Structure formats: structure tokens, C-alpha cells
Amino acid sequence: MNPRMILYVSVAVMVFVLVGGAWAGTEKVLYNFTGKSDGGYPLNIGKLARDSSGNLFGTTEMGGDLGACFNQLGCGTVFKLSPSNGSYTETTLYTFTGASDGGNPGTGVILDSSGNIYGTTSAGGTANCGTVFKLSGSTSTTLYSFTCGTDGGIPEGSVIRDTGGNLYGTTYSGGNLACNAPYGCGVVYKISSSGAFKVLYTFCSSGGCPDGANPEGSLAMDSSGRVYGMTGFGGFKNAGTVFQLSKTGHGWKEVVLHSFHNGDGFAYPSYGGVTLGKEKIGNRNVLFGVAAQGGSRNCNGNGCGSVFEMVKSKYGFKLTVLHNFVGNNGDGSYPYGTLLELNGKIFGTTYGGGNPALCLQNGIGCGTVFELTHKKNVWKETVVYTFSGSGSDGGLPVTGLVADPGGTLYGLTTFGGNSGNNCDGAPCGVVYEVRP
């Protein structure tokens, strides 16, 4: 996995933060990963998938076959959690080998109406450049194996699926190999319902990469078939972009909706990608996103991260920061993963913050679940839950949230749990629920 990108945004807005010694929700661990055959270290940048029966689906980057990958720490798994009488049962649906089937998935999965599972791996395949896979029952099919050539390589986000069954995704590397030679600056790709692979757009198409470079996180698609995403670099100040792809009569056209620049700070977008939603006030179509760092000057001067929105106006899209994390007084820091819009509120997670006395040695804290509410043109943040990193609740989440019809939130932590230190000397993470 590449180092986290930094997104620095400094736009003044009115924000109140409700934090302190207590939090607003309750948390329950649904499953503790052991790092063995069940997997470990669920680095699902994105979010869990949930079906209509309440089953949860995701991936682990380690564990599974301990004789392969990551210095014999395993090549990862696809798992399912099934609810039954108030508890959950974990089933390992597939164990990656690191060969042609791929290995070390670091993103979430999606489901189709037949229950098939789709996702990506960042390693394995014919050239060890990652794969796109489909899982039907216990049978995995490699839909495409990247070569790190002009087709791209090392997908850092999962796939999305349109109504016709076509898949869309990005790769961090490959494409134009003259960009960041010899690695390339990434592509947007499509796999048709019939299995045909096609590169829709190659980043850094001209000198200086004003169109963006190295896309990360998952894409989003609107009802008109336009695709949205983020790049970690490129743009006019090599500080990242938010982009849109639209189908034309001559292929796909890319438009940069926002190019981060010195006026924003140094805006390196994180892995979370963008989320399409509707703002409760005015019912406007918007894009929501997170910034891993930047915003406030806290967190060793690098900033603790931000949540932003982009709203289309007469002159294009306008970016506004909704909340700057401060990383102290109970607030979170370093948001990752996909945001969730639910009943006019926005929910997400931070990797650090909360209680700075816990988790990592530099005192960043074990992370939080947060909520943003829009009232009278003011965004108000509430810390819903603060992780302790202990065996009771886990810590350091990088995954976004998914909700059931009753509003209960579900997510993953990369650290913590009570099943031992089997993931390179650390606890292997948990699946949890939070009731706001």
C-alpha cells in the first residue's frame, strides 16, 4: 500500500464541535479477526457491503493461507458475517493465494442482485500488479489481471457497477509510463458485462499532469452515467484533483472539477474517494469527500484532516470545507474511507484522535466515528464513538460505514480485538457496530 496522501484544505466555515469526555453512541464488536485462516488486518478502504438479509461482506489484507505472501502472513481473504439470534457467525468465503487469483485485497467489495461479489486486489495476478475478481459462492474468477503497462496497475480502490452490469475502477500506477517513470500515473478502466477490458482515461496526458495523477479510492456514478473520483497528485500545483468523466460520441472526456492549489494548502486527496449525495437543505446534488490531513494546523503542523463538499454552481463546482478535525479535546484526526449520507446527516470515521493517550506511541489516539449535521447553514460535528484500541472495541479504522434500515452503523478497524497479536505482532482488527 502506498503512503497515505495528504489533503490540505483551509476554507473558513462556521462549525461547532461537540466533544468531551463522553460520546453519543454505543459500540459492540461483532467479530475479532485472528490473523489465521479467517484473515486479519481488514484494510477495507471504502466500506463493508451489506445484503438485504443483514449479512456483511468484506476483505482482509492478511491471513488466510499463512504459507504465502507478506512473509508468510497470508494473502488475504473475502469474508461474510451472518447474523443469528443477536450474534454473528464469520465464514471465510475465499482465501487468496497470491498467484493468478490475486492477493492482499485492500478495498471493500460490492454485490450484484444475484449475490455475486466483486472487488480488487493490489497484488497477485499474472504480473503481480493486482486483479479484478468475481466471487460466486466459493469460486473466484479473475476478470482482469493488470500488467502495470498501459492498462494500469495496483488498484487502490474497489469497483462500482452500473445498471448494465459493467464495472468501473481506477489504478494507482500504469498508463502513461513516462509519468513518474517507469511506474505511470494511473488509469480509469471499464470491464463490460461480457468481460471486455478497456481503459477509459489515462492520467497525466500532458506535461505537468493538469488533469491529475495517481487516482485513489473508489469512484462514484450519477444517474446520467457520469463518473467522479479523486487523484492524489497532479493538477495545477501537483496537489491532487477531483475529476469527472463523461461519455461522448468519441469516447470519454475528463473534466477537472477542482484542482487543489496553494490557496487550499497542499491538498493531497486520501483514499476515501467521493460520495454522491443530496444535501438536506435545498435538496442539491453534491459530492462529499474527506481529506486525510490539512485543515487545522494541529497534528504536528500537518493538519488533522477535513470533510468537504462540492456543489455545482453557474461557474462550475465549488469546494467548501464542512469540518476541520483538530485531533484534541476528544475530536478525531486523519479521516479515511467513504462517507455515508443518512437521513440528512453525514457519518464517517477517523484513523486517529479521540483519546490521545491510547494506541500509537506518538499519541494520535485510536480513532472515532463521527457525525455531521446541517442546521441553519452551520455544520455541527458530534463524536459518536471513541475507540480505545483494546480487546473490547478495536481501533484505527480506515473503513467507511454502512447502515441497516434502523440506522445502526457497521464498520471495521485495522487494529485491536482480543484474538492475540498474530498480525505482524499486533491485534488483527474487528468488525463492529455502532448505534448513534
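All heavy atoms count here, side chains included; hydrogens, waters and symmetry mates do not. Quantities reported herein were computed from a predicted structural model and do not represent experimental measurements.
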Under 3.5 Å, which donor-acceptor pairs link side chains of residues 181-192 to any protein atom two or more places apart or in another chain?
unit_1	atom_1	unit_2	atom_2	d
S192	OG	S194	N	3.3
S192	OG	S194	OG	2.9
S192	OG	G195	N	3.4
S192	OG	A196	N	3.0

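- At distances below 3.5 Å, not a single donor-acceptor pair connects side-chain atoms of N166 with backbone N or O atoms of D162.
- Side chain of N116 to backbone of S114: no donor-acceptor contact under 3.5 angstrom is found.
- Within the 4.5 Å cutoff, no side-chain heavy atoms of N55 are placed close to those of R50.
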Worksheet item: D331 and E381: side-chain contact (heavy atoms from CB on, under 4.5 Å), yes or no, with the steps?
Response: CA-CA 9 Å; D331 195 22; E381 192 231 19; 2.9 Å; yes
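- A side-chain donor-acceptor contact under 3.5 Å links D101 to the backbone of T97.
- Per the SG-SG cut-off, C148 and C129 are bridged by a disulfide [distance under 2.5 Å].
- Side chains of I154 and T171 form no contact here, defined as non-hydrogen atoms less than 4.5 Å apart.
- Side chain of D211 to main chain of S205: a donor-acceptor pair is present (N/O by atom type, distance under 3.5 Å, no hydrogens or angles).
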Worksheet entry | Stepwise side-chain hydrogen bond (donor to acceptor under 3.5 Å, both in side chains) test for N324 and S306 | CA-CA 5 Å; N324 284 322; S306 311; 2.9 Å; yes
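- The two atoms that bring V431 and L48 nearest to each other are CG1-CD1, 4.2 Å, heavy atoms only.
- Here the closest non-hydrogen pair linking G417 and P427 is O-CB, 4.1 Å.
- In terms of heavy atoms, T107 sits closest to T59 at O-OG1, 2.8 Å.
- Aromatic ring centroids of F203 and F243 lie under 6.0 Å apart.
- T34 places a side-chain N or O within 3.5 Å of a backbone atom of K36 that can act as its donor or acceptor partner.
- Contact of the S82 side chain with the Y88 side chain is not registered, since no non-hydrogen atoms from C-beta on lie closer than 4.5 Å.
- Taken from CG in L396 to CG in L412, the straight-line distance is 13.0 Å, to the nearest 0.5 Å.
- Across all non-hydrogen atoms, the minimal contact from E371 to P436 is OE1-CB, 4.5 Å.
- Judged purely by atom type and a 3.5 angstrom limit, S136 has no side-chain atom pairing as donor or acceptor with the backbone of T139.
- Using a 4.5 Å heavy-atom cutoff, the side chains of L167 and Y118 are in contact.
- Heavy-atom minimum distance, S158 versus S218: N-OG, 3.2 Å.
- Between the side chain of S259 and the backbone N or O of F236 there is at least one donor-acceptor pair closer than 3.5 Å.
- Side chain to side chain, T231 and T241 meet the donor-acceptor criterion of an N or O pair below 3.5 Å.
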Worksheet item: Which is it for T368 and T386 under the side-chain hydrogen bond (donor to acceptor under 3.5 Å, both in side chains) test, yes or no, and what are the steps along the way?
Response: CA-CA 5 Å; T368 69; T386 298; over 6 Å; no
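- For the side-chain contact (heavy atoms from CB on, under 4.5 Å) test with F79, the passing option among T91, T60, L93, V109 is T60; the others fail.
- In this structure, N214 contributes its side chain and G232 its backbone to no donor-acceptor pair below 3.5 Å.
- Using modelled atom types, no side-chain atom of S224 and backbone atom of R226 make a donor-acceptor pair closer than 3.5 Å.
- When the ring-ring contact (aromatic ring centres under 6.0 Å, His included) test is applied to F347, no partner is found at least two apart in sequence or on another chain.
- With respect to Y432, the ring pair (Phe, Tyr, Trp, His ring centres under 6.0 Å) criterion is satisfied by exactly one of Y410, F33, F387: F387.
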Practice prompt. Give the C-alpha distance, both sets of side-chain angles, the deciding distance and a yes or no for side-chain contact (heavy atoms from CB on, under 4.5 Å) between L257 and L287.
Written response: CA-CA 11 Å; L257 303 182; L287 297 172; 3.9 Å; yes
Discussion item. Using side-chain hydrogen bond (donor to acceptor under 3.5 Å, both in side chains), reason through D393 and S388 one step at a time and then give a plain yes or no.
Written reply: CA-CA 7 Å; D393 68 343; S388 73; 2.7 Å; yes
Discussion item. Between T408 and V434, is the side-chain contact (heavy atoms from CB on, under 4.5 Å) condition met? List the steps.
Written reply: CA-CA 6 Å; T408 299; V434 166; over 6 Å; no
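- Side-chain atoms of T338 do not come within 3.5 Å of backbone N or O of G400 as any donor-acceptor pair.
- Taking all atoms of both residues into account, the shortest heavy-atom contact from P105 to C75 is CD-O, 3.5 Å.
- Using a 4.5 Å heavy-atom cutoff, the side chains of Y201 and W252 are not in contact.
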Worksheet entry | Full working for disulfide bond (SG atoms under 2.5 Å apart) between C209 and C179 | CA-CA 8 Å; C209 305; C179 173; 3.8 Å; no
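- Using a 4.5 Å heavy-atom cutoff, the side chains of V132 and V159 are in contact.
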Worksheet item: Could you go step by step and tell me if F96 and T121 meet the side-chain contact (heavy atoms from CB on, under 4.5 Å) rule?
Response: CA-CA 9 Å; F96 292 97; T121 68; 3.7 Å; yes
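- Aromatic pair Y336/Y334: ring centres not closer than 6.0 Å.
- Side-chain atoms of M230 and E216, non-hydrogen and from C-beta on, never get closer than 4.5 Å to each other.
- For W379 and H323, the gap between ring centers reaches or exceeds 6.0 Å.
- Side-chain contact between L322 and F288 is present, with heavy atoms from C-beta onward closer than 4.5 Å.
- Atom CD1 of I117 and atom CD1 of I110 lie 10.5 Å apart (nearest 0.5 Å).
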